[in-house]
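First up is the structure itself, then whatever we jot down about it.
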Amino acid sequence: MSEPNNTFAQSSKLGLFLTGGGARAAYQVGVLRAIAELLPSPAHSPFPVICGTSAGAINAAGLAMSATHFATGVRQLEAVWGNLHVDQVHRADLLGVIRNTAHCVGSLLSSQANKKAPFALLDNAPLRTLLGCRLPFRGIQRSIHLGALHALGVTVWGYTSGQSVTFYQGNESIQPWSRVMRIGVASRIGIQHLLASSAIPLIFPAVRLNREYFGDGSMRQLAPLSPALHLGADRILVISVNKKREIPFERVKVTSYPPVAQIAGHMMSSIFFDSLEVDLERLERINGTLALIPPEARKEGGVLLRPIKSLVISPSERISEIAWQHAYSLPRTMRYLYRAVGAMSPSGSRLLSYVLFEASYCRALIDLGYRDTMQQQDEILKFITMS
(Lines give C-alpha, C1' and ligand atoms only; values in the text may rest on other atoms or scores of the structure.)
Protein backbone atom coordinates (compact mmCIF):
# COMPACT_ATOMS: atom_id res chain seq x y z
CA MET A 1 0.00 0.00 0.00
CA SER A 2 1.39 3.39 -0.94
CA GLU A 3 1.74 5.97 1.79
CA PRO A 4 -0.25 9.22 1.58
CA ASN A 5 1.65 12.44 1.01
CA ASN A 6 2.14 14.68 4.01
CA THR A 7 0.50 18.01 3.14
CA PHE A 8 1.95 19.87 6.13
CA ALA A 9 5.29 21.62 6.28
CA GLN A 10 7.68 19.73 8.54
CA SER A 11 9.91 22.77 9.06
CA SER A 12 7.23 24.06 11.41
CA LYS A 13 6.39 21.38 13.97
CA LEU A 14 2.89 21.46 15.41
CA GLY A 15 2.63 19.79 18.78
CA LEU A 16 -0.48 18.14 20.21
CA PHE A 17 -0.90 17.93 23.97
CA LEU A 18 -3.63 15.66 25.36
CA THR A 19 -4.41 16.19 29.03
CA GLY A 20 -5.33 13.56 31.57
CA GLY A 21 -8.78 13.03 32.98
CA GLY A 22 -9.76 9.35 33.05
CA ALA A 23 -13.00 8.72 31.15
CA ARG A 24 -13.16 12.40 30.23
CA ALA A 25 -10.50 11.69 27.59
CA ALA A 26 -13.29 10.47 25.31
CA TYR A 27 -13.91 14.18 24.62
CA GLN A 28 -10.51 14.37 22.90
CA VAL A 29 -11.59 11.72 20.39
CA GLY A 30 -14.53 13.87 19.29
CA VAL A 31 -12.19 16.82 18.74
CA LEU A 32 -9.81 14.65 16.74
CA ARG A 33 -12.66 13.24 14.66
CA ALA A 34 -13.68 16.74 13.65
CA ILE A 35 -10.09 17.67 12.80
CA ALA A 36 -9.75 14.54 10.67
CA GLU A 37 -12.85 15.56 8.71
CA LEU A 38 -11.53 19.08 8.17
CA LEU A 39 -8.22 17.89 6.72
CA PRO A 40 -7.65 16.47 3.23
CA SER A 41 -7.82 12.71 3.11
CA PRO A 42 -5.75 10.62 3.09
CA ALA A 43 -3.13 12.53 5.02
CA HIS A 44 -0.37 12.09 7.54
CA SER A 45 -1.03 13.30 11.04
CA PRO A 46 -0.80 17.10 11.19
CA PHE A 47 0.96 16.67 14.54
CA PRO A 48 4.65 15.70 14.19
CA VAL A 49 4.98 15.98 17.98
CA ILE A 50 2.39 14.25 20.18
CA CYS A 51 2.43 14.34 23.98
CA GLY A 52 -0.04 12.90 26.44
CA THR A 53 -0.57 12.43 30.13
CA SER A 54 -2.73 9.89 31.95
CA ALA A 55 -5.65 8.79 29.74
CA GLY A 56 -4.46 11.39 27.24
CA ALA A 57 -1.26 9.35 26.89
CA ILE A 58 -3.30 6.39 25.63
CA ASN A 59 -4.94 8.55 22.97
CA ALA A 60 -1.55 10.04 22.10
CA ALA A 61 -0.01 6.61 21.60
CA GLY A 62 -2.92 5.53 19.41
CA LEU A 63 -2.42 8.56 17.16
CA ALA A 64 1.35 8.04 16.99
CA MET A 65 0.94 4.45 15.86
CA SER A 66 -1.26 5.54 12.95
CA ALA A 67 0.48 8.82 12.09
CA THR A 68 0.75 7.85 8.42
CA HIS A 69 -3.06 7.63 8.20
CA PHE A 70 -4.43 10.17 10.67
CA ALA A 71 -8.13 9.58 9.97
CA THR A 72 -7.72 5.82 10.37
CA GLY A 73 -6.03 6.28 13.74
CA VAL A 74 -8.85 8.53 14.94
CA ARG A 75 -11.48 6.00 13.80
CA GLN A 76 -9.69 3.28 15.75
CA LEU A 77 -9.71 5.38 18.90
CA GLU A 78 -13.39 6.15 18.44
CA ALA A 79 -14.15 2.44 18.02
CA VAL A 80 -12.55 1.76 21.41
CA TRP A 81 -14.05 4.66 23.36
CA GLY A 82 -17.46 4.42 21.69
CA ASN A 83 -17.86 0.79 22.74
CA LEU A 84 -16.11 0.94 26.09
CA HIS A 85 -17.41 -0.71 29.24
CA VAL A 86 -16.07 -0.36 32.75
CA ASP A 87 -15.09 -4.04 32.95
CA GLN A 88 -12.61 -3.42 30.11
CA VAL A 89 -10.77 -0.92 32.31
CA HIS A 90 -10.96 -2.51 35.76
CA ARG A 91 -12.67 -5.42 37.44
CA ALA A 92 -16.26 -4.45 38.16
CA ASP A 93 -17.70 -7.82 39.16
CA LEU A 94 -18.73 -8.41 42.77
CA LEU A 95 -16.00 -10.99 43.47
CA GLY A 96 -13.29 -8.78 41.98
CA VAL A 97 -14.38 -5.74 43.96
CA ILE A 98 -14.59 -7.72 47.21
CA ARG A 99 -11.14 -9.24 46.71
CA ASN A 100 -9.57 -5.90 45.94
CA THR A 101 -11.30 -4.21 48.88
CA ALA A 102 -10.09 -6.98 51.19
CA HIS A 103 -6.55 -6.51 49.92
CA CYS A 104 -6.75 -2.74 50.50
CA VAL A 105 -7.90 -3.28 54.08
CA GLY A 106 -5.14 -5.84 54.60
CA SER A 107 -2.55 -3.45 53.19
CA LEU A 108 -3.57 -0.80 55.70
CA LEU A 109 -3.26 -3.24 58.59
CA SER A 110 -0.10 -5.05 57.47
CA SER A 111 2.96 -3.74 55.66
CA GLN A 112 3.75 -7.27 54.51
CA ALA A 113 0.46 -7.48 52.60
CA ASN A 114 1.33 -4.30 50.75
CA LYS A 115 4.64 -5.78 49.59
CA LYS A 116 2.90 -8.74 47.92
CA ALA A 117 0.57 -6.62 45.78
CA PRO A 118 0.23 -2.88 45.25
CA PHE A 119 -2.38 -0.86 47.11
CA ALA A 120 -5.20 0.28 44.82
CA LEU A 121 -8.94 0.56 45.13
CA LEU A 122 -9.50 -0.96 41.68
CA ASP A 123 -7.80 -3.77 39.73
CA ASN A 124 -6.98 -2.45 36.25
CA ALA A 125 -5.73 -5.75 34.82
CA PRO A 126 -8.45 -5.60 32.11
CA LEU A 127 -6.97 -2.31 30.85
CA ARG A 128 -3.63 -4.04 30.24
CA THR A 129 -5.43 -6.65 28.15
CA LEU A 130 -7.35 -4.01 26.20
CA LEU A 131 -4.22 -2.02 25.37
CA GLY A 132 -2.36 -5.15 24.35
CA CYS A 133 -5.14 -6.13 21.95
CA ARG A 134 -5.87 -2.72 20.40
CA LEU A 135 -2.54 -0.88 20.25
CA PRO A 136 0.19 -2.09 17.85
CA PHE A 137 3.17 -0.39 19.51
CA ARG A 138 5.52 -1.26 16.63
CA GLY A 139 3.58 1.36 14.65
CA ILE A 140 5.26 4.16 16.62
CA GLN A 141 8.71 3.46 15.20
CA ARG A 142 7.24 2.86 11.76
CA SER A 143 5.62 6.32 11.86
CA ILE A 144 8.95 7.86 12.85
CA HIS A 145 10.82 5.98 10.13
CA LEU A 146 8.36 7.15 7.45
CA GLY A 147 8.59 10.77 8.60
CA ALA A 148 4.97 11.07 9.73
CA LEU A 149 5.97 11.42 13.40
CA HIS A 150 8.85 13.33 14.95
CA ALA A 151 8.27 12.23 18.55
CA LEU A 152 5.80 10.78 21.03
CA GLY A 153 6.07 11.75 24.69
CA VAL A 154 4.36 10.03 27.64
CA THR A 155 4.69 11.64 31.05
CA VAL A 156 4.68 9.77 34.38
CA TRP A 157 5.45 10.71 37.98
CA GLY A 158 7.99 8.91 40.17
CA TYR A 159 6.83 7.98 43.66
CA THR A 160 10.41 7.76 44.98
CA SER A 161 12.20 10.56 43.13
CA GLY A 162 9.23 12.93 43.00
CA GLN A 163 10.24 13.75 39.42
CA SER A 164 8.00 14.27 36.44
CA VAL A 165 9.50 11.98 33.80
CA THR A 166 8.65 12.15 30.11
CA PHE A 167 9.53 8.95 28.30
CA TYR A 168 9.82 9.72 24.62
CA GLN A 169 10.32 7.81 21.39
CA GLY A 170 11.34 9.88 18.45
CA ASN A 171 13.86 11.13 15.95
CA GLU A 172 17.49 10.43 16.85
CA SER A 173 18.25 14.16 16.84
CA ILE A 174 16.23 14.68 20.03
CA GLN A 175 18.37 15.08 23.14
CA PRO A 176 17.31 14.10 26.69
CA TRP A 177 16.68 17.03 29.02
CA SER A 178 16.92 17.76 32.70
CA ARG A 179 15.16 20.57 34.54
CA VAL A 180 14.11 21.09 38.15
CA MET A 181 11.95 18.06 39.07
CA ARG A 182 11.37 17.07 35.44
CA ILE A 183 13.43 15.11 32.93
CA GLY A 184 13.12 13.58 29.47
CA VAL A 185 14.28 10.01 28.86
CA ALA A 186 14.50 8.23 25.50
CA SER A 187 12.63 4.93 25.60
CA ARG A 188 10.69 2.42 23.55
CA ILE A 189 7.10 3.25 24.50
CA GLY A 190 5.02 0.24 25.53
CA ILE A 191 2.04 -0.86 27.61
CA GLN A 192 3.88 -0.26 30.90
CA HIS A 193 4.38 3.42 30.12
CA LEU A 194 0.69 3.95 29.38
CA LEU A 195 -0.41 2.04 32.47
CA ALA A 196 1.96 4.09 34.60
CA SER A 197 0.88 7.41 33.12
CA SER A 198 -2.81 6.58 33.72
CA ALA A 199 -2.36 5.13 37.22
CA ILE A 200 -4.61 7.55 39.13
CA PRO A 201 -3.28 7.70 42.73
CA LEU A 202 -4.87 5.15 45.09
CA ILE A 203 -7.45 4.16 42.46
CA PHE A 204 -5.10 2.25 40.10
CA PRO A 205 -1.80 0.58 41.10
CA ALA A 206 1.57 2.20 40.42
CA VAL A 207 3.73 0.60 37.72
CA ARG A 208 7.42 -0.19 37.88
CA LEU A 209 9.58 1.13 35.06
CA ASN A 210 13.32 0.47 35.31
CA ARG A 211 14.25 1.26 38.93
CA GLU A 212 11.18 3.08 40.19
CA TYR A 213 7.42 2.89 40.64
CA PHE A 214 5.49 5.49 38.66
CA GLY A 215 1.96 6.86 38.80
CA ASP A 216 -0.28 9.27 36.96
CA GLY A 217 1.77 11.77 34.97
CA SER A 218 -0.51 14.66 35.88
CA MET A 219 0.75 14.68 39.46
CA ARG A 220 3.14 17.55 40.13
CA GLN A 221 3.47 18.21 36.41
CA LEU A 222 4.75 21.73 36.89
CA ALA A 223 5.12 22.52 33.18
CA PRO A 224 2.75 20.30 31.16
CA LEU A 225 3.60 21.95 27.83
CA SER A 226 7.35 21.70 28.32
CA PRO A 227 7.82 18.14 26.91
CA ALA A 228 6.26 19.14 23.58
CA LEU A 229 8.71 22.05 23.30
CA HIS A 230 11.70 19.88 24.20
CA LEU A 231 10.59 17.43 21.51
CA GLY A 232 10.67 20.16 18.88
CA ALA A 233 7.20 21.73 18.72
CA ASP A 234 7.06 25.44 17.92
CA ARG A 235 3.31 25.75 18.42
CA ILE A 236 0.91 23.60 20.44
CA LEU A 237 -2.71 22.57 20.15
CA VAL A 238 -4.03 21.62 23.59
CA ILE A 239 -7.14 19.48 23.97
CA SER A 240 -8.33 19.90 27.53
CA VAL A 241 -11.20 17.96 29.08
CA ASN A 242 -12.19 20.62 31.58
CA LYS A 243 -14.57 23.50 30.91
CA LYS A 244 -12.81 26.83 31.07
CA ARG A 245 -13.18 28.35 34.51
CA GLU A 246 -15.72 31.07 34.95
CA ILE A 247 -14.48 34.20 36.70
CA PRO A 248 -15.65 35.26 39.18
CA PHE A 249 -16.36 31.95 40.93
CA GLU A 250 -19.91 31.39 42.04
CA ARG A 251 -20.22 31.38 45.84
CA VAL A 252 -22.95 29.11 47.16
CA LYS A 253 -23.96 28.76 50.80
CA VAL A 254 -23.84 25.14 52.02
CA THR A 255 -25.42 23.54 55.05
CA SER A 256 -23.81 20.10 55.11
CA TYR A 257 -20.32 18.62 55.10
CA PRO A 258 -19.05 17.74 51.58
CA PRO A 259 -19.21 14.02 50.73
CA VAL A 260 -16.05 12.03 50.06
CA ALA A 261 -16.77 11.99 46.32
CA GLN A 262 -16.98 15.78 46.17
CA ILE A 263 -13.63 16.17 47.92
CA ALA A 264 -12.02 13.48 45.73
CA GLY A 265 -13.44 15.08 42.59
CA HIS A 266 -11.88 18.45 43.40
CA MET A 267 -8.57 16.73 44.21
CA MET A 268 -8.58 15.08 40.78
CA SER A 269 -9.38 18.36 39.08
CA SER A 270 -6.42 19.92 40.87
CA ILE A 271 -4.14 17.08 39.72
CA PHE A 272 -5.29 17.10 36.10
CA PHE A 273 -5.92 20.76 35.27
CA ASP A 274 -4.49 23.39 37.62
CA SER A 275 -0.90 23.14 36.36
CA LEU A 276 -2.04 23.38 32.74
CA GLU A 277 -3.84 26.66 33.35
CA VAL A 278 -0.78 28.06 35.12
CA ASP A 279 1.52 26.91 32.29
CA LEU A 280 -0.68 28.49 29.62
CA GLU A 281 -0.74 31.76 31.55
CA ARG A 282 3.06 31.64 31.87
CA LEU A 283 3.37 31.01 28.14
CA GLU A 284 1.27 34.10 27.37
CA ARG A 285 3.41 36.25 29.65
CA ILE A 286 6.64 35.04 28.02
CA ASN A 287 5.23 35.66 24.55
CA GLY A 288 4.20 39.16 25.61
CA THR A 289 7.66 39.91 26.96
CA LEU A 290 9.44 38.56 23.86
CA ALA A 291 7.19 40.67 21.64
CA LEU A 292 8.75 43.77 23.21
CA ILE A 293 12.28 42.69 22.28
CA PRO A 294 13.36 42.85 18.62
CA PRO A 295 14.54 39.47 17.24
CA GLU A 296 18.01 40.89 16.56
CA ALA A 297 18.37 42.05 20.15
CA ARG A 298 17.27 38.64 21.43
CA LYS A 299 19.88 36.98 19.25
CA GLU A 300 22.66 39.35 20.30
CA GLY A 301 21.75 38.98 23.96
CA GLY A 302 21.75 35.19 23.80
CA VAL A 303 18.06 34.92 24.71
CA LEU A 304 17.14 31.30 23.97
CA LEU A 305 13.40 31.72 24.57
CA ARG A 306 11.19 31.83 21.49
CA PRO A 307 7.53 32.78 21.01
CA ILE A 308 5.26 29.74 21.15
CA LYS A 309 1.76 29.93 19.73
CA SER A 310 -0.93 27.87 21.44
CA LEU A 311 -4.60 27.09 20.95
CA VAL A 312 -6.80 25.38 23.52
CA ILE A 313 -9.93 23.39 22.77
CA SER A 314 -12.05 22.71 25.85
CA PRO A 315 -15.60 21.55 26.59
CA SER A 316 -18.42 24.05 26.23
CA GLU A 317 -20.45 22.16 28.84
CA ARG A 318 -19.71 20.86 32.31
CA ILE A 319 -18.64 17.25 31.88
CA SER A 320 -19.61 16.42 35.46
CA GLU A 321 -23.24 17.20 34.62
CA ILE A 322 -23.08 14.87 31.60
CA ALA A 323 -21.63 12.15 33.83
CA TRP A 324 -24.50 12.40 36.28
CA GLN A 325 -26.98 11.92 33.43
CA HIS A 326 -25.27 8.62 32.55
CA ALA A 327 -24.50 7.41 36.08
CA TYR A 328 -26.90 4.48 35.93
CA SER A 329 -25.14 2.95 32.92
CA LEU A 330 -22.59 1.60 35.42
CA PRO A 331 -22.81 -2.04 36.56
CA ARG A 332 -24.81 -2.51 39.76
CA THR A 333 -21.74 -3.37 41.83
CA MET A 334 -20.01 -0.13 40.89
CA ARG A 335 -23.17 1.88 41.50
CA TYR A 336 -23.28 0.56 45.05
CA LEU A 337 -19.61 1.34 45.56
CA TYR A 338 -19.84 4.89 44.21
CA ARG A 339 -23.10 5.57 46.02
CA ALA A 340 -21.35 4.72 49.29
CA VAL A 341 -18.89 7.60 48.77
CA GLY A 342 -21.48 10.02 47.38
CA ALA A 343 -20.46 9.90 43.73
CA MET A 344 -23.95 9.07 42.48
CA SER A 345 -25.32 12.44 43.58
CA PRO A 346 -24.96 15.76 41.69
CA SER A 347 -22.42 17.02 44.23
CA GLY A 348 -20.22 13.96 43.67
CA SER A 349 -20.57 13.76 39.91
CA ARG A 350 -17.17 15.38 39.37
CA LEU A 351 -15.50 12.21 40.67
CA LEU A 352 -17.88 10.09 38.62
CA SER A 353 -16.88 11.93 35.44
CA TYR A 354 -13.36 10.53 35.71
CA VAL A 355 -14.30 6.88 36.29
CA LEU A 356 -17.49 6.40 34.24
CA PHE A 357 -15.97 4.18 31.57
CA GLU A 358 -19.26 3.36 29.83
CA ALA A 359 -20.15 3.65 26.15
CA SER A 360 -23.18 5.95 26.47
CA TYR A 361 -21.21 8.51 28.49
CA CYS A 362 -18.14 8.28 26.27
CA ARG A 363 -20.24 8.73 23.13
CA ALA A 364 -21.83 11.83 24.63
CA LEU A 365 -18.36 13.27 25.24
CA ILE A 366 -17.22 12.35 21.72
CA ASP A 367 -20.24 14.15 20.28
CA LEU A 368 -19.55 17.20 22.48
CA GLY A 369 -15.91 17.33 21.36
CA TYR A 370 -16.98 17.08 17.73
CA ARG A 371 -19.53 19.90 18.06
CA ASP A 372 -17.15 22.19 19.96
CA THR A 373 -14.50 21.78 17.28
CA MET A 374 -16.82 22.33 14.36
CA GLN A 375 -18.09 25.55 15.95
CA GLN A 376 -14.58 27.01 15.73
CA GLN A 377 -13.37 25.11 12.69
CA ASP A 378 -11.97 28.12 10.83
CA GLU A 379 -9.72 29.16 13.71
CA ILE A 380 -8.58 25.59 14.34
CA LEU A 381 -7.88 24.80 10.70
CA LYS A 382 -5.92 28.04 10.30
CA PHE A 383 -3.82 27.19 13.37
CA ILE A 384 -3.11 23.64 12.20
CA THR A 385 -2.15 24.49 8.64
CA MET A 386 -0.04 27.62 9.28
CA SER A 387 3.62 27.22 8.32
Side-chain angles (χ1 to χ4, degrees), residues 3-19 28 31-32 35-36 39-40 42-53 56-74 76-77 135-156 165-179 182-190 193-194 197 217 223-239 283 304-311 380-381 383-387:
E3 299 296 341
N5 292 324
N6 192 353
T7 58
F8 304 97
Q10 292 300 307
S11 58
S12 176
K13 292 184 175 62
L14 172 61
L16 175 67
F17 176 63
L18 302 176
T19 66
Q28 297 169 347
V31 174
L32 294 167
I35 291 174
L39 297 178
H44 284 179
S45 168
F47 309 107
V49 176
I50 305 175
C51 293
T53 302
I58 296 175
N59 287 340
L63 291 178
M65 295 167 193
S66 303
T68 56
H69 294 84
F70 179 64
T72 299
V74 173
Q76 291 171 344
L77 285 176
L135 296 182
F137 287 90
R138 64 184 181 277
I140 299 173
Q141 192 59 40
R142 179 175 180 271
S143 296
I144 295 170
H145 176 72
L146 293 173
L149 178 71
H150 185 69
L152 165 67
V154 172
T155 300
V156 300
V165 181
T166 298
F167 290 102
Y168 67 86
Q169 184 173 345
N171 190 283
E172 294 180 355
S173 63
I174 299 172
Q175 296 297 314
W177 64 89
S178 179
R179 299 292 185 270
R182 49 191 173 91
I183 61 174
V185 178
S187 183
R188 194 89 171 188
I189 302 298
H193 297 88
L194 302 187
S197 186
L225 304 180
S226 175
L229 302 181
H230 282 292
L231 294 176
D234 50 32
R235 63 190 199 282
I236 304 175
L237 178 68
V238 179
I239 306 180
L283 185 64
L304 300 179
L305 295 175
R306 66 189 193 277
I308 301 295
K309 296 180 180 179
S310 65
L311 179 65
I380 293 171
L381 193 57
F383 183 81
I384 290 176
T385 56
M386 71 172 58
S387 59

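When V156, I58, N59 are each tested for a side chain to side chain contact (heavy atoms under 4.5 Å, CB included) with L194, only one passes: I58. Exactly one residue among T155, V185, I183, L152 makes a side chain to side chain contact (heavy atoms under 4.5 Å, CB included) with F167. That residue is V185.
Between Q28 and G56 the shortest heavy-atom distance is OE1-CA, 3.8 Å. The heavy-atom pair separating I174 from H230 by the smallest distance is CG2-O, 4.3 Å. Heavy atoms only, all atoms of each residue included: V74 and A36 are closest at CG2-CB, 4.4 Å. Counting all heavy atoms, side chain and backbone alike, A57 lies closest to V154 at CB-CG1, 3.9 Å. Nearest heavy atom pair, residue S66 against residue G73, reads CB-CA, 3.4 Å.
Note on ring orientation: taking the six-membered ring where Trp is involved, the planes of Y168 and W177 are parallel (angle under 30°, cut-offs 30° and 60°).
Judged purely by atom type and a 3.5 angstrom limit, R179 has no side-chain atom pairing as donor or acceptor with the backbone of S226. For D234 (side chain) and K13 (main-chain N/O), a donor-acceptor pair under 3.5 Å exists by modelled atom type.
Legend: residues meeting side chain to side chain donor-acceptor pair (under 3.5 Å) with S187, ordered by chain and number and at least two apart, are H193. S143 is linked by a side chain to side chain donor-acceptor pair (under 3.5 Å) to nothing, counting only residues two or more places apart in sequence or in another chain. Residues satisfying the side chain to side chain donor-acceptor pair (under 3.5 Å) test with S178, not counting sequence neighbours, are none.
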